[in-house]
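Values reported hereafter were calculated over all heavy atoms of this structure, with side chains retained and with hydrogens, waters and symmetry mates removed.
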Amino acid sequence: MKVITLEEHFSSQKLGQKMAEVLPKRPIGNVSPEMHDYMQRSLPPEAELEDVTGSRIQWMDQHQISMQILSYGNQNPQNSDPKFAVELTKLANDELAKAVAAAPDRFRAFASLPVSHPTDAAAELKRSVEELGFKGAMLVRPTSQAHPFFDDPFYLPIFEAAANLNVPVYLHPSFPDSQIIDYYYSNGPWDDKVSGILGTAGYGWHTDVGIQTVRLLLSGVFEKYPNLKLISGHWGEFASFALERMDQVMYPETNLSEPISKIYRDHVYVTPSGILTEPQLKFVKDEVGIEHLLYSIDYPYIKPENSGSFIESSPLTDEEKELFAHGNAEKLLQL
């Protein structure tokens, strides 16, 4: 069975050198020494992220992964200094296009965009799709103090471009604001390392990007751009588990023309991001429908042993397995 995964990460040595040159101090959130040590031990080496024709394809073959949709992970220059963001994202996308070209039957890509310059971001998405053959964009939370949420009209050119180009936007977690980390996740009866994990991959950045999703639902952007499509990882970043509650207590007080759950089911696609667990699969399939489930591993940050067997061993029907493994991705990404 063909298998396509959509949240698979890459980094570029050339981009890294350029970022080090123009951004000598790159902020990565409120990271304690203990958390920094944990990250150094747990994150994959840059060589593994940069590889596309060696160990990556070997791992894909081992786990019967037919194609990865590549995107930048921690190296994403989206939120770099606005003075350099346009230049760096263009370089990032050019380097990513070279990676895809190294094995065009195994890879496609999502673009990085300079969200501090929405008009330039829209133009870069158009270039990436029409000239480089990319299949959408991967966005992390904005770090702008003036525009901290994607529902801000400031970002409308990006979503308008995605809708016009008929490509999805994938919202990916990143470090929450340091004030959020300090308030919600620090100063407990545990060490700073646990605080750091709690505020990021352990819990915090999932609620953070889930709130970005909910705010977009409430903003009316999907009514403004009916062709806009969003991809949400980690089984929907908790938002998928609260749709009926939002319909019950919030929708009646909004100006939305349809229930929040209806807008979500029509416009949002959900992936597991390597959380390959049957209870979540069953719930999200029932909640959003099998046609809006896509597969993802989060390679090489996460490499579950059941990456190649999870879909086959699931309780899905044969038809549902084909949709989850590749059919939905082929339709959404026009593969």
Apply side chain to side chain contact (heavy atoms under 4.5 Å, CB included) to Glu8 and Ile297, showing your working.
CA-CA 7 Å; Glu8 320 309 319; Ile297 301 298; 3.4 Å; yes
I would like to know whether Tyr185 and Ile180 meet side chain to side chain contact (heavy atoms under 4.5 Å, CB included); could you show each step before the answer?
CA-CA 8 Å; Tyr185 306 117; Ile180 294 174; 4.2 Å; yes
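- Clustering of Ile, Leu, Val, Met, Phe, Trp and Tyr side chains at separations under 4.5 Å places Tyr269 together with Ile4, Leu6, Met67, Ile69, Phe110, Met138, Tyr170, Ile231, Leu294, Leu332, Leu333, Leu335.
- The main-chain N or O of Ala47 is never found under 3.5 Å from a side-chain atom of Asp51 such that the two would form a donor-acceptor pair.
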Salt bridge (charged side-chain N to carboxylate O under 4.0 Å, His left out), that's the test. Do Glu48 and Lys303 meet it? Break it down for me.
CA-CA 12 Å; Glu48 189 172 11; Lys303 294 181 284 187; 2.6 Å; yes
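- Within the structure, the ring-ring contact (aromatic ring centres under 6.0 Å, His included) test picks out the following pairs touching residues 298-335 (sequence neighbours left out): His9-Tyr301, Trp59-Tyr299, Tyr295-Phe324.
- In plain terms, the two heavy atoms of Pro157 and Ala122 that are nearest each other are O-CB, 3.4 Å.
- Around the NZ atom of Lys321, the shell of radius 6.0 Å holds more than 12 heavy atoms that belong to other residues, nucleotides or ligands.
- Judged by distance alone, the side chain of Ser240 and the main-chain N or O of Trp235 form a donor-acceptor pair under 3.5 Å.
- In this structure, Gln64 contributes its side chain and Gln62 its backbone to a donor-acceptor pair below 3.5 Å.
- Asn93 places a side-chain heavy atom less than 4.5 Å from the side chain of Ser112.
- Judged by distance alone, the side chain of His172 and the main-chain N or O of Gly73 form no donor-acceptor pair under 3.5 Å.
- In this structure, the side chain of Arg56 does not engage the main chain of Pro300 through any donor-acceptor pair within 3.5 Å.
- Formation of a donor-acceptor pair under 3.5 Å by the Gln212 side chain with backbone atoms of Arg141 is not found in this model.
- The closest side-chain donor-acceptor pair between Ser232 and Glu237, if any, does not fall under 3.5 angstrom.
- Within a 6.0 Å sphere centred on OH of Tyr184, heavy atoms belonging to other residues, nucleotides or ligands number 12 at most.
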Would Tyr155 and Ser144 count as a side chain to side chain contact (heavy atoms under 4.5 Å, CB included) here? Give the steps.
CA-CA 11 Å; Tyr155 297 110; Ser144 167; 4.0 Å; yes
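- Hydrophobic clustering (ILVMFWY, side-chain heavy atoms < 4.5 Å, transitive): Ile211 and Met250 are in distinct clusters.
- Ile275 and Ile311 fall within the same hydrophobic cluster, defined by Ile, Leu, Val, Met, Phe, Trp and Tyr side-chain heavy atoms under 4.5 Å apart, directly or through other members.
- If you check the side chains of Glu223 and Ser257, you find a donor sitting under 3.5 Å from an acceptor.
- Under a hydrophobic clustering in which Ile, Leu, Val, Met, Phe, Trp and Tyr are joined whenever their side-chain heavy atoms come within less than 4.5 Å, directly or via other members, Leu243 and Leu171 fall into the same cluster.
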Go through the steps for Leu216 and Phe159 under the test side chain to side chain contact (heavy atoms under 4.5 Å, CB included), then give the verdict.
CA-CA 11 Å; Leu216 281 169; Phe159 297 111; 4.1 Å; yes
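- Tyr72 contributes a side-chain N or O that, together with a main-chain N or O of Ala92, makes up a donor-acceptor pair within less than 3.5 Å.
- When every heavy atom of Leu139 is checked against every heavy atom of Gln78, the shortest pair comes out as CA-OE1, 3.3 Å.
- Side-chain atoms of Arg108 do not come within 3.5 Å of backbone N or O of Val100 as any donor-acceptor pair.
- The line from NZ of Lys224 to OG of Ser219 is 10.0 Å long, rounded to the nearest 0.5 Å.
- Rounded to the nearest 0.5 angstrom, Ser12 OG and Lys98 NZ are separated by 8.0 Å.
- Ring geometry for His147 against Phe154 counts as parallel: the plane angle stays under 30°, on a 0 to 90° scale with 60° as the upper cut.
- By the rule that hydrophobic residues join a cluster once side-chain heavy atoms approach within less than 4.5 Å of another member, Leu88 and Val140 end up as members of separate clusters.
- No donor-acceptor pair under 3.5 Å is formed between the side chain of Asp208 and the backbone N or O of Phe175.
- Across all non-hydrogen atoms, the minimal contact from Pro82 to His117 is O-NE2, 2.8 Å.
- In terms of heavy-atom proximity, Val284 sits nearest to Val270 at CG1-CG1, 3.7 Å.
- Checking side-chain atoms of Gln13 against main-chain N and O of Glu50 turns up no donor-acceptor pair under 3.5 Å.
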